[in-house]
Amino acid sequence: SGTVSQKELVQVFADRKMLPRTNREREELMSMIRRVDTEGDGELTFQQYVRLVRTIENEQKRRIWRQRVQWGQESGFSEQEVKELHESFDLADADGGGLV
């Protein structure tokens, strides 16, 4: 049909391990879906789906960054210092596996 229904989205998100875990995350996801579903019909075109996935990925990156800043600040580092530590960690983590 050229579109993806909300039911199909659930399966896609399950396959990509992107399903929301909390009520807040579910509410945020539904809000994101409403923002990209410009027709309001509960169906997403491919373009809208791509926009939704990008929005979700950006939000996940923001959450991860906020968590890292919090951990750094709890250890006495400024946000700038956390950024520098993160960059040096990424350089040492050659395969991107999250371990040095």
Side-chain angles (χ1 to χ4, degrees):
S1 72
T3 61
V4 178
S5 70
Q6 288 188 14
K7 182 178 179 181
E8 292 166 323
L9 278 176
V10 170
Q11 185 59 50
V12 169
F13 291 151
D15 292 347
R16 293 191 68 179
K17 300 191 183 346
M18 294 172 62
L19 281 177
R21 294 178 307 267
T22 66
N23 284 337
R24 180 174 175 239
E25 288 178 0
R26 277 187 283 283
E27 290 170 11
E28 288 174 357
L29 176 59
M30 293 309 295
S31 175
M32 290 178 208
I33 291 171
R34 284 190 297 274
R35 283 196 308 264
V36 300
D37 181 14
T38 54
E39 292 84 17
D41 60 2
E43 300 273 324
L44 298 184
T45 64
F46 180 71
Q47 182 180 11
Q48 291 168 327
Y49 169 74
V50 169
R51 204 172 311 135
L52 176 64
V53 171
R54 174 59 62 210
T55 300
I56 292 168
E57 288 176 350
N58 288 343
E59 180 56 31
Q60 288 174 335
K61 287 177 185 177
R62 279 191 291 276
R63 279 193 184 133
I64 290 168
W65 177 248
R66 285 191 304 261
Q67 182 64 58
R68 288 178 177 169
V69 169
Q70 180 183 346
W71 291 336
Q73 289 174 337
E74 288 170 358
S75 298
F77 293 99
S78 70
E79 185 169 347
Q80 181 59 37
E81 289 170 319
V82 172
K83 180 179 180 189
E84 292 167 5
L85 287 167
H86 186 265
E87 289 169 356
S88 65
F89 183 89
D90 283 348
L91 286 173
D93 182 20
D95 67 357
L99 298 172
V100 177

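These values consider heavy atoms only, across backbone and side chains, with no hydrogens, waters or symmetry-generated copies.
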Please check if the side chain of [X] supplies one atom and the backbone of [Y] the other of a donor-acceptor pair under 3.5 Å.
{"X": "Gln48", "Y": "Asp37", "answer": "no"}
{"X": "Asp93", "Y": "Gly97", "answer": "yes"}
{"X": "Ser31", "Y": "Glu27", "answer": "no"}

Side-chain contact, heavy-atom cut-off 4.5 Å: [X] with [Y]?
{"X": "Gln60", "Y": "Ile56", "answer": "yes"}
{"X": "Met30", "Y": "Arg26", "answer": "no"}
{"X": "Glu57", "Y": "Arg16", "answer": "yes"}
{"X": "Trp65", "Y": "His86", "answer": "yes"}
{"X": "Arg51", "Y": "Arg54", "answer": "no"}

Linking I/L/V/M/F/W/Y whenever any side-chain heavy atoms sit under 4.5 Å apart, do Val53 and Val12 land together?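 They do share one cluster, since a chain of ILVMFWY contacts under 4.5 Å joins Val53 to Val12.
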Joint cluster assignment, Val10 & Tyr49, ILVMFWY side-chain distance < 4.5 Å: yes
Looking only at heavy atoms, which two atoms of Gly72 and Val82 are closest? And how far apart? CA-CG2, 3.6 Å
Could you measure the distance from the [atom1] atom of [X] to the [atom2] atom of [Y]? Nearest 0.5 Å is fine.
{"X": "Gln73", "Y": "Glu81", "atom1": "CD", "atom2": "CD", "answer": "10.0 Å"}
{"X": "Glu84", "Y": "Ser78", "atom1": "CD", "atom2": "OG", "answer": "7.0 Å"}
{"X": "Gln70", "Y": "Ser75", "atom1": "CD", "atom2": "OG", "answer": "10.5 Å"}
{"X": "Leu29", "Y": "Glu59", "atom1": "CG", "atom2": "CD", "answer": "11.0 Å"}

Using a 6.0 Å cut-off, check whether atom [atom1] of [X] has over 12 heavy atoms from anything other than its own residue.
{"X": "Arg62", "atom1": "CZ", "answer": "yes"}
{"X": "Glu39", "atom1": "CD", "answer": "yes"}
{"X": "Arg66", "atom1": "CZ", "answer": "yes"}

Apply side-chain contact (heavy atoms from CB on, under 4.5 Å) to Leu52 and Leu9, showing your working. CA-CA 10 Å; Leu52 176 64; Leu9 278 176; 4.2 Å; yes
